[in-house]
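Below is one structure; the comments refer to it alone.
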Amino acid sequence: MHPAPSVIVFTVLSGLGFGFLAYLGLGLAAPVGATAFWVWALGYAFAVAGLMASTLHLQNPRNAWRAFSQWRSSWLSREGWAAVITLVVLAPVALTAIFLRFPSATFGLPGAALALATVYCTSMIYTQLRTVPRWNLWITPVMFLGFALTGGAILAGLKWPAIVLCLALAAVLAASFVLGDRRLAESGSTLESATGLGRIGKVRLYEGPHTGTNYLMREMIHVVGRRHAQKLRVIAVVFAALLPALVLLIAPGGSLWAIALAVVLHLTGAFAARWLFFAEAEHVVGLYYGAR
Amino acid sequence: MTELPTNTQKKLGLVIDLDICVGCHACVTACKGWNTENYGAPLSDIDAYGEDPSGTFLNRVHSYEVQPSDGGCSQTIHFPKSCLHCEDAPCVTVCPTGASYKRAEDGIVLVNEDACMGCGLCAWACPYGAREMDMAAGVMKKCTLCVDRIYNENLPEVDRVPACVRTCPSGARHFGDLGDPDSAVSQLVADRGGMDLMPEQGTRPVNKYLPPRPKDRPAEAPLAALADVKATGIAGWLDRLLEKL
């Protein structure tokens, strides 16, 4: 699949933002007063920046408001609702923490749950697609929630939970690579099933439908990134999980510099992992073009 | 609404005969022509006369070579592909705006271009590559089964079929109600063993493909006897001599 920058920025930043907001809602990072303002603003900024980025790849953004209409069947629509409701429900929690110095625990619980539900909905936009076997797997939502919880814990300055979650994220990423690599074969889709000609014998593309490229090929058949897939996998695991864990382990507790460094490292790894998530994913339509 | 109808009164669709298609691309051209002048945004071409031309098509013809597993010559099979108007159309349910829908009355899958935001998720959800974003109009385009022809009483009755079917010079394309077991297309599917593409994707396509008929295969090479010439005279003597060496 084509790794569109807007979609990568959307999923990484809004995932981090909603993950962080979940911890704030639960009161696990419980600043009050002026500090609370900056902390909540950071969470909202990541979440909203991600959501704004998601509109950049729309070819016809003036109809974007209609995306709220199909929550009964569409995960993308549900994601939009979950995001807006989360931001609205958490607003009084943030405002009371900032202006009334009211701690947000329990009162923020529904918002925290909604924040994680938003990340789940985002992951389901991809997980639901049977056409992309690598995504159509239980580990995709686990991976998205893993990134949200890990990034949120790092930002919230929760030293030991963050370290544990980093190690869990490394394991989830490694598992997603192993499981993902065999998904296309497991899906049973081949050029033979795609054409129905397997009953005769082995099928090969003899001539494509056109000499140039087209929307489908640009969007679904992306082979450039797969060449460096192994290196990028290592970069993703090391930067998103191992290095932040190491920084938090050796830095003195509560050091803002350590948190900032860990977040920057984590985001670098998250962007690499998300880029690979798209670039490595094979769409079954590629079979018709003799590609994958 | 992007929820699928539980049942449609009719299941209008195409039956494509892979035994007959000659790969002339007339259906591709007729489709592009009709759908550029009629329903919805025209099918644009980008950089049509330049270095890197590309454009929107609702129907494309791939050509495949199949090597029979029981030996014999390989077969060339031309393979037209367009929207299969699936009963479990994943492109419809993923649509967040309600632009994609499947009609309860005849099962045609359509896009309401006025509501489409051009996110492309429906094209991702389709295993067949039946949907293409028009890069000039910014909306998703797909086969309409020529909904503006098949019910159009301004056209002569013979023309009230999809443009691809009307134009096919070899008679490889058939249009009809696949929900009616007595229709000509349903009979054709039953007689010839019509098949679904990628049944493992669970889309339950309405369109069916008729597999190529088995090719005749001579039992043995008929010219073999002619090649076994018995030489006589000096040539025969040389032949026998060389054989003994």
Side-chain angles (χ1 to χ4, degrees), chain A residues 1 55 57-80 125 128-132 187-189 191 193-216 218-220 283-285 287-290, chain B residues 1-4 18 23 28 52-57 60-70 75-77 79 81 90 92-99 114-121 123-129 132-133 135 137-139 195-202 209 211-212:
Chain A
M1 304 297 287
T55 63
H57 85 286
L58 302 181
Q59 296 293 322
N60 199 12
R62 68 193 165 84
N63 277 338
W65 62 274
R66 292 180 190 269
F68 290 103
S69 67
Q70 303 301 314
W71 51 272
R72 274 172 298 196
S73 61
S74 165
W75 282 106
L76 205 163
S77 191
R78 288 172 197 158
E79 199 262 353
I125 296 172
Q128 68 177 336
L129 298 173
R130 290 177 80 163
T131 50
V132 186
S187 76
S189 289
L191 182 51
S193 79
T195 57
L197 298 172
R199 60 182 74 187
I200 302 176
K202 187 78 192 145
V203 187
R204 172 181 90 83
L205 180 69
Y206 166 71
E207 192 172 33
H210 43 81
T211 52
T213 182
N214 70 17
Y215 169 77
L216 299 168
R218 287 190 297 267
E219 194 76 1
M220 327 277 185
H283 193 291
V284 293
V285 79
L287 297 168
Y288 286 108
Y289 289 87
Chain B
M1 275 301 132
T2 56
E3 286 171 288
L4 289 165
L18 296 178
V28 178
D52 187 21
S54 79
T56 315
F57 287 79
R60 297 189 186 260
V61 181
H62 298 245
S63 296
Y64 297 105
E65 181 192 74
V66 187
Q67 183 63 53
S69 42
D70 57 349
Q75 284 174 239
T76 304
I77 291 154
F79 193 93
K81 183 165 62 61
V92 170
T93 50
V94 298
C95 176
T97 65
D114 292 336
C116 175
M117 67 175 186
C119 70
L121 190 58
W124 286 14
C126 173
Y128 310 108
E132 297 189 19
M133 184 90 71
M135 299 315 279
V139 293
M195 57 191 185
D196 290 347
L197 304 186
M198 283 202 232
E200 72 279 1
Q201 284 278 333
Y209 282 75

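Here the structure is a predicted model, which means the values were calculated and not measured. Proteins get letters first, then strands, A, B, ... in listed order; numbering begins at 1 in each.
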Find the one option among F68(A), Y288(A), Y289(A) whose heavy-atom pairs under 4.5 Å with chain B are most numerous. Y288(A)
Identify which part of L197(B) has an atom lying under 4.5 Å from any heavy atom of chain A, answering side chain, backbone, both or neither. both
Euclidean distance, L197(A) CG relative to Q75(B) CD, rounded to 0.5 Å: 8.5 Å
Given P127(B), S54(B), G120(B), G202(B), the one with more heavy-atom pairs under 4.5 angstrom with chain A than any other is P127(B)
Quick check for you: to the nearest 0.5 Å, what is the distance between M195(B) atom CE and T195(A) atom OG1? 6.5 Å
Between R62(A) and chain B, with a heavy-atom cut-off of 4.5 Å, which part of the residue counts as in contact: side chain, backbone, both or neither? neither
Would S189(A) and Q201(B) count as a side chain to side chain contact (heavy atoms under 4.5 Å, CB included) if you check the C-alpha gap in whole Å, the side-chain angles of each, and the deciding distance to 0.1 Å? CA-CA 8 Å; S189(A) 289; Q201(B) 284 278 333; 3.7 Å; yes
If every non-hydrogen atom of S193(A) is compared with every non-hydrogen atom of P199(B), which pair is closest and at what distance? O-CD, 4.3 Å
Chain B heavy atoms under 4.5 Å from E207(A): which part of the residue, side chain, backbone, both or neither? both
Check for a donor-acceptor pair, side chain of N60(A) on one end and backbone N or O of C116(B) on the other, with a separation under 3.5 Å. yes
Can you check whether T76(B) reaches Y206(A) side chain to side chain, under 4.5 Å on heavy atoms? yes
Given a strict heavy-atom distance threshold of 4.5 Å, which part of L216(A) is in contact with chain B: side chain, backbone, both, or neither? side chain
Would you say the side chain of R66(A) lies within less than 4.5 Å of the side chain of M117(B), judging by non-hydrogen atoms? no
Below 4.5 Å from any heavy atom of chain A, which atoms of C119(B) appear? Answer side chain, backbone, both or neither. both
With no hydrogens and no angle check, is any side-chain donor or acceptor of R130(A) less than 3.5 Å from a backbone partner on E200(B)? yes
Sub-4.5 Å side-chain heavy-atom contact between P209(A) and K81(B): no
Side chain, backbone, both or neither: which part of D52(B) has an atom under 4.5 Å from a heavy atom of chain A? side chain
Which residue out of C95(B), G23(B), G55(B) racks up the most heavy-atom pairs below 4.5 Å with chain A? C95(B)
Test of understanding: with salt bridge (charged side-chain N to carboxylate O under 4.0 Å, His left out), list the residues that count as partners of D70(B), not counting sequence neighbours. R217(B)
Sort out for me which of G208(A), G196(A), G212(A), G198(A) touches chain B most, counting heavy-atom pairs under 4.5 Å. G196(A)
Quick check against the 3.5 Å criterion: does E219(A) have a side-chain atom that pairs as donor or acceptor with the backbone of W124(B)? no
Between S73(A) and E3(B), is there a side-chain donor-acceptor contact under 3.5 Å, judged purely by atom types and distance? no
Calculate, to the nearest 0.5 Å, the distance between atoms OG1 and OH belonging to T131(A) and Y128(B) respectively. 11.0 Å
Please list, chain by chain and in numerical order, all residues satisfying ring pair (Phe, Tyr, Trp, His ring centres under 6.0 Å) with F79(B), sequence neighbours excluded. Y64(B), Y209(B)
For A123(B) and Y215(A), work out which heavy atoms get closest and say how close. CB-CE2, 3.9 Å
Side chain to side chain contact (heavy atoms under 4.5 Å, CB included) between R60(B) and N214(A), worked out: CA-CA 11 Å; R60(B) 297 189 186 260; N214(A) 70 17; 3.3 Å; yes
Just give me the residue among P90(B), P53(B), P68(B) that pairs up with chain A most often, heavy atom to heavy atom, under 4.5 Å. P68(B)
Option that, when pairs with chain B are counted at under 4.5 Å, heavy atom only, ranks first among R78(A), R218(A), R199(A): R199(A)
Are the side chain of S69(B) and the backbone of I200(A) linked by a donor-acceptor contact shorter than 3.5 Å? yes
Give a yes or no on whether the backbone of T97(B) and the side-chain of S69(A) come within a donor-acceptor separation of less than 3.5 Å. yes
With a 4.5 angstrom heavy-atom cut-off, is it the side chain or the backbone of S187(A) that approaches chain B, or both, or neither? backbone
Which region of L129(A), side chain (C-beta onward) or backbone (N, CA, C, O), has a non-hydrogen atom less than 4.5 Å from a non-hydrogen atom of chain B, or is it both or neither? side chain
Ranking L191(A), T213(A), L76(A), T211(A) by heavy-atom pairs under 4.5 Å to chain B gives rank one to L76(A)
For each of D196(B), I77(B), L18(B), tally heavy-atom pairs with chain A at distances under 4.5 Å, and name the one with the top tally. I77(B)
Which one wins on heavy-atom pair count under 4.5 Å against chain A: Q67(B), H62(B), M135(B)? H62(B)
Per-residue tally against chain B (heavy atom, under 4.5 Å) across V132(A), L287(A), V203(A) peaks at V203(A)
So for V61(B), is it side chain, backbone, both, or neither that comes closer than 4.5 Å to the heavy atoms of chain A? backbone
Under 4.5 Å to a heavy atom of chain A? For P211(B) that would be side chain
Tell me, for H57(A) versus chain B, whether the close heavy atoms (under 4.5 Å) come from the side chain, the backbone, both or neither. both
Which atoms of T56(B) are under 4.5 Å from chain A, going by heavy atoms: the side chain, the backbone, both sets, or neither? neither
